[in-house]
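Step one of this worksheet: look at the structure below.
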Amino acid sequence: MSPYLSVVIPIFNEEANITTLWKRVSTVLREHFSEPGRDWEVIFTDDGSRDRSLEMLTEIAETEPRVSVVEFNRNYGQHSAIFGAFALVSGQVIVTMDADLQNPPEEIPKLVAKIDEGFDVVGGWRQGRNQNDSLFRTLPSKIVNAVTRKTTGVKLHDYGCMLRAYRREIVEAMLLCKERSSFIPALANSFAKRITEVPVGHAERAAGTSKYGLWKLINLQFDLLTSFSLLPLQMLSVLGVVVSFLGIGFGIYLMIYRILHPEGTVQGVFTLFAILFIFVGAQFLAFGLLGEYIGRIYQEVRDRPRYVVKKIHKVL
Ligand code: UDP
Ligand code: MG
């Protein structure tokens, strides 16, 4: 019989967390989802870990038939890893969470209860984000949240929290999306009718270090900006108009100045330089943004698989 709840956990070099993670997750699931018809499964994706993570996961899968492990042949990133597990889920409700125990597994029943109430997507909203998360990590997240709210039009407090629950149909719709640069919380919301958030706890990373550096975050932001809106392209036209008007204004100023001070030619040259720099700057910005879109079109057109599964570990 297929389970009611599928829990999806991406793993990238998390050997120090897996034992505790499994202990806590399995305790919660056994406690809350043991009645008939409300069974559970856990699907781990090993996203090309270079430590003992895969070994530890397969050991779990050997003793617990409700656990599967998807092994990627290399590292494809958190969101691809989640997709890799989505392809296998058989539950009616799907919960995603991080492996580093920043998302307490004890909150899972709370999220599932909201789905039972009739919501399609339930997001975790991290209350009192951990003080130890450095400014380097929280400030970019704040910007990501603000821009995402603007571009997707769905007003959630916390897009970054991966402790989330989805109804099965939403996951199936996401699986139909062929694009590679997708940000799961935003993508899910574009298919959902009833979305809600529940406050969840937020702990320090139990062990290991964050797999997200500044560069990965900037990339994620570009993903969001270009996959869910045409805002940058529209801003480009606005910027173009503004710069042109500035140029015209400068031209008029220059003409009047020349008429009033016929001998002041040297200053005129400097003004021209100023105008030139404004234009050059604007052009570079424009090229950069156009390039971003074209680069993405190129990526999508190639239609490469999002990931390659090497093996699925599961005892039958
Ligand atoms: N992760 C992954 N592939 C990656 C990076 C991260 O599967 O390339 C997993 C990681 O193992 C963890 C989750 O994604 O379970 C979130 O990663 P992390 O805690 O490093 O992100 P942060 O909490 O700093 O946003
Ligand atoms: Mg984390």
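When a ligand or atom number is given, it counts from 1 through the structure's own listing order.
Ion pair Lys310/Glu71 flagged as a salt bridge, since at least one NZ, NE, NH1 or NH2 atom sits closer than 4.0 Å to an Asp/Glu carboxylate oxygen. Here Asp116 pairs with Arg38 in a salt bridge; the nearest charged N to carboxylate O distance falls below 4.0 Å. Glu300 has no carboxylate O lying under 4.0 Å from a charged side-chain N of Arg296, or vice versa, which leaves the two without a salt bridge. A salt bridge is absent between Arg194 and Asp120: the closest approach of a Lys/Arg side-chain nitrogen to an acidic carboxylate oxygen does not fall below 4.0 angstrom.
Listed by number with element, the atoms of ligand 1 under 4.0 Å from a non-hydrogen atom of Ala99 are 12 (C), 15 (O). Using a 4.0 Å cut-off to heavy atoms of Ile11, the atoms of ligand 1 that qualify are 7 (O), 11 (O).
Inclusion of Gln102 in the first shell of the Mg ion (ligand 2) is supported: an N, O or S atom falls under 2.8 Å.
The shortest N or O to N or O distance between Ala81 and ligand 1 is not under 3.5 Å.
To the nearest 0.5 Å, atom CZ of residue Arg30 and atom NE2 of residue His32 are 14.5 Å apart.
Only the side chain of Glu14 comes within contact range of ligand 1, with a heavy atom under 4.0 Å; no backbone atom does. Under 4.0 Å from ligand 1, the heavy atoms of Gln102 that appear belong solely to its side chain. Within the 4.0 Å heavy-atom criterion, the part of Asn75 lying near ligand 1 is the side chain and not the backbone. Under 4.0 angstrom from ligand 1, the non-hydrogen atoms of Asp47 all belong to its side chain.
Of the candidates Tyr76, Phe72, Phe12, the one placing a heavy atom closest to atom 1 (N) of ligand 1 is Phe12.
Here the two rings, on His261 and Tyr257, have centers that are under 6.0 Å apart.
The cationic group of Arg74 lies under 6.0 Å from the six-membered ring centre of Tyr76 and within 45° of the ring axis, placing it in a cation-pi geometry.
For Asp100, the N/O/S atom at the shortest distance from the Mg ion (ligand 2) is named OD2.
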